[in-house]
Amino acid sequence: MASIIALSSIFHPLYKKPLTTTTTTSTTTTTSTTTTTCTSISLHTNSHFNNTTTLLKTLTFLPSAIASSSSSSSSLLSEEAFKGVLQNNELGYDFENNDMSSHNNVEDDDELDISKLALPSSLVDSLHKRGITHLFPIQRAVLIPALEGKDIIARAKTGTGKTLAFGIPIIKGLTEDEHGIPHRRSSRLPRALVLAPTRELAKQVEKEIKESAPYLNTVCVYGGVSYGIQQGALSRGVDVVVGTPGRIIDLINGNTLKLSEVQYLVLDEADQMLAVGFEEDVEVILEKLPSKRQSMLFSATMPAWVKKLARKYLDKPLTIDLVGDEDEKLAEGIKLYAILATGSSKRTILSDLITVYAKGGKTIVFTRTKKDADEVSLSLTNSVTSEALHGDISQHQRERTLNGFRQGKFTVLVATDVAARGLDIPNVDLIIHYELPNDPETFVHRSGRTGRAGKEGNAILLYTSSQRRTVRSLEHDVGCKFEFVSPPAMEEILESSAKHVVAALNGVHPESVTFFTPTAERLIEEQGTSALAAALAQLSGFSRPPSSRSLITHEQGWVTLKLTRDSDISRRFFSARSVTGFLSDVYSPASGEVGKIHIIADDRIQGAIFDLPEDVAKELLKREIPPGSTISKITKLPPLQDDGPPGDSYGRFSDRDRSSRRGSRDQRGFKASRGWGGSGGRGRGSDDDFGDPFRKGGRSNRSGGSSRSRTGKSSEDNRLIGGRQSSRFSSSDRGSFGGSCFNCGGSGHRASDCPNNGGFF
Ligand SMILES: Nc1ncnc2c1ncn2[C@@H]1O[C@H](COP(=O)(O)OP(=O)(O)OP(=O)(O)O)[C@@H](O)[C@H]1O
């Protein structure tokens, strides 16, 4: 107990003994303040040396970019500071090599061991029960300054444990006084207030605090449910209130929630308050709080409003930034992929992506609108179990959905941003950004639903050709790198499906197996391994052979081919028209059927990739090809030339922008987007409807499903031609050939009519 008192007395915000300070200037002053505080602990509190040692050692492990002073801040923690603390290097810490091993008394693991940090034993016990034994970096970074009573701005990557970073010091402060003596409370007005941007996040924070400190009364308040229960809980007395700003204001106005005794304020996911339009409400609440309080602001990102808020309402906050300006803002375990898709192909590839990248685990698909969430979820139900989560779904149903997803009752959650913000669902393996997020912050939040608590995960961004530049901006703004990959090839899908089926087989009850064994033995005798292969194919959903798919649009029944031309033979500009010209000469029906065309982005190669219906492609590949040219079916897309419209730039995408852009579309005047609006500034789900100003037709409508996209539009409408203009032409229209000569590149004639014909055509 003595050591607990000692630690509390040194660090607890309510401790009256003045901390030792030194006077130097500006930033250095701050450093010295912290340093001296620590130094005084280290050098002058001999009787408590062991615990102090532990704390100091914990501090020494803080990452180098741990804290910086904000404009109004007066604190700075850094390794420099810690070097100062340990002038005599009592702990034997090797600062140069960030190595504690030379210290001989305490094992490395002890540094973050929560049972060694003089926290209330009840708290330690409940954390242990939850499997939480050691602090995460943001928690160890926040703990000491929070216990010192400092206002804090903390920024850490998603899923790294921010809730307990503020939860632990607040629980300690609410549990015992500065001497470690349990509080006896007279009034039961709330002493801690946590503001969260969404109901789900509020409930999650409540859960985290309740599970860590079941002996405290924690009440969660949010809109969409009746006031009665929340009012009742508040009137019975409460320690911690967690809630969304709107309902909190209602309860304050209804005189049920009184904030006069609030000592701790937390703004969780402060950046998201802004995103969901709570900025005014937040400020109204902050104005009503007692001025003598400790405030902690947690945010994954730092937009201007959050900085303003900090300046206005926090007192000389210490900024603890475990992200930094340049660094990747996502947890390390998250692998990022970007996949080029069209509006219509997104739905087709979605289940394939889930099959290959989620590896049988949980997936969250993010859409921008509620309607999309419903539609996408519905379209998935044939292949996977899926549910939608958005604001139009009742609160009760939302909770049921979330619980079902947590418990693995279904594996794919299709959610809008607001509904899924800040959700902590363990073991989400895959995030799919079905549409581009509105801004980098949203991207970080969405992606951060995977790779939580040190685990690994994948996040896939689906983008259209007109959004390439936005994807690059995103990389820059988030400080991340995407791996640009093609949609999974059929082989990968089959292989992953087989793996899932094999994994599922392991779950079959042995008794059921015995039941089927005689039939299995007979089948193997009769058919050998093909019997098992047939069973796997059936279980994978591939009882019929998969039809080929375009690598560009992913539409079934299409094949993607690559055409290259030897640059020694022709130095002419290679364009989409070169492709149509080539097809027209080699196998003229193909020129009327060609789908999308993209020019290959490789200086050493003159070439393009393009789609043809499977049967036409087969015929084409049988034809004799002019010397110097190659044509082949490909299974992976090569790098392609950027063909986005010029205005696909960074910015927020408001509804007003969207509607005005729609208006401009109707007038047939495509205006460059200024937003991350997905679709290069076009409305939802219409990414390719009018995205390519250079798109031209040329393909006849084929009978049968494959020539039409799922949207009902002909693929002709969808054609995208490598960003360059192509002329309309028809293979049967030999009189007015609009392509360019594959031989000389000149327009208006075919290679067979080329005056420079090398003899082949
Ligand atoms: N020290 C710890 N040891 C083990 N697990 C922990 C620890 N701290 C937190 N966790 C768990 O890690 C998960 C993520 O924590 P939390 O939700 O607080 O992250 P976050 O940083 O707030 O994420 P986000 O920014 O996405 O909201 C939770 O399930 C939490 O219980």
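All ligand and atom numbering here is 1-based and tracks the order in the structure. Only this structure's heavy atoms are used, side chains among them; waters, hydrogens and symmetry mates stay out.
- Taking a 4.0 Å cut-off on heavy atoms, A156 fails to register as neighbouring ligand 1.
- When the heavy atoms of A154, G161, G451 are ranked by distance to atom 19 (O) of ligand 1, first place goes to G161.
- The side-chain tip of K203 does not point at the ring of Y222 from less than 6.0 angstrom away and within 45° of straight on.
- Close contacts between ligand 1 and E269 involve ligand atoms 24 (P), 25 (O), 27 (O) [criterion: under 4.0 Å to a heavy atom].
- L259 pairs by the side chain to side chain contact (heavy atoms under 4.5 Å, CB included) definition with L193, I252, L257, V262, I285, K288, L289, not counting sequence neighbours.
- Ligand 1 places these atoms under 4.0 Å from at least one heavy atom of H134: 1 (N), 2 (C), 3 (N).
- For K335 and E483, the salt-bridge test passes: some basic side-chain N is under 4.0 Å from an acidic carboxylate O.
- Tested against I153, the residues L309, L267, L297, L318 include a single side-chain contact (heavy atoms from CB on, under 4.5 Å) partner, L297.
- Ring to ring, F482 and Y337 are not that close: their centroids are 6.0 angstrom or more apart.
- For ligand 1, the polar-atom distance check against L135 finds no nitrogen or oxygen pair separated by under 3.5 Å.
- Ligand 1 has a nitrogen or oxygen under 3.5 angstrom from a nitrogen or oxygen of R449.
- R199 meets the salt bridge (Lys or Arg N to Asp or Glu O under 4.0 Å) test with no other residue; sequence neighbours excluded.
- Below 4.0 Å from some heavy atom of R130 lie the following atoms of ligand 1, by number and element: 31 (O).
- Contact of the V142 side chain with the I152 side chain is registered, since non-hydrogen atoms from C-beta on lie closer than 4.5 Å.
- Taking all heavy atoms of E208, E211, K455 into account, the minimum distance to atom 30 (C) of ligand 1 is reached by E208.
- Applying the 4.0 Å criterion to heavy atoms of T163 picks out, from ligand 1, the atoms 16 (P), 17 (O), 18 (O), 22 (O).
- Listed by number with element, the atoms of ligand 1 under 4.0 angstrom from any heavy atom of R452 are 14 (C), 16 (P), 17 (O), 19 (O), 20 (P), 23 (O), 24 (P), 26 (O), 27 (O).
- A heavy-atom separation below 4.0 Å is not found between H445 and ligand 1.
- Considering R446, R368, R449, K370 as possible partners of D417, the one that fulfils the salt bridge (Lys or Arg N to Asp or Glu O under 4.0 Å) test is R446.
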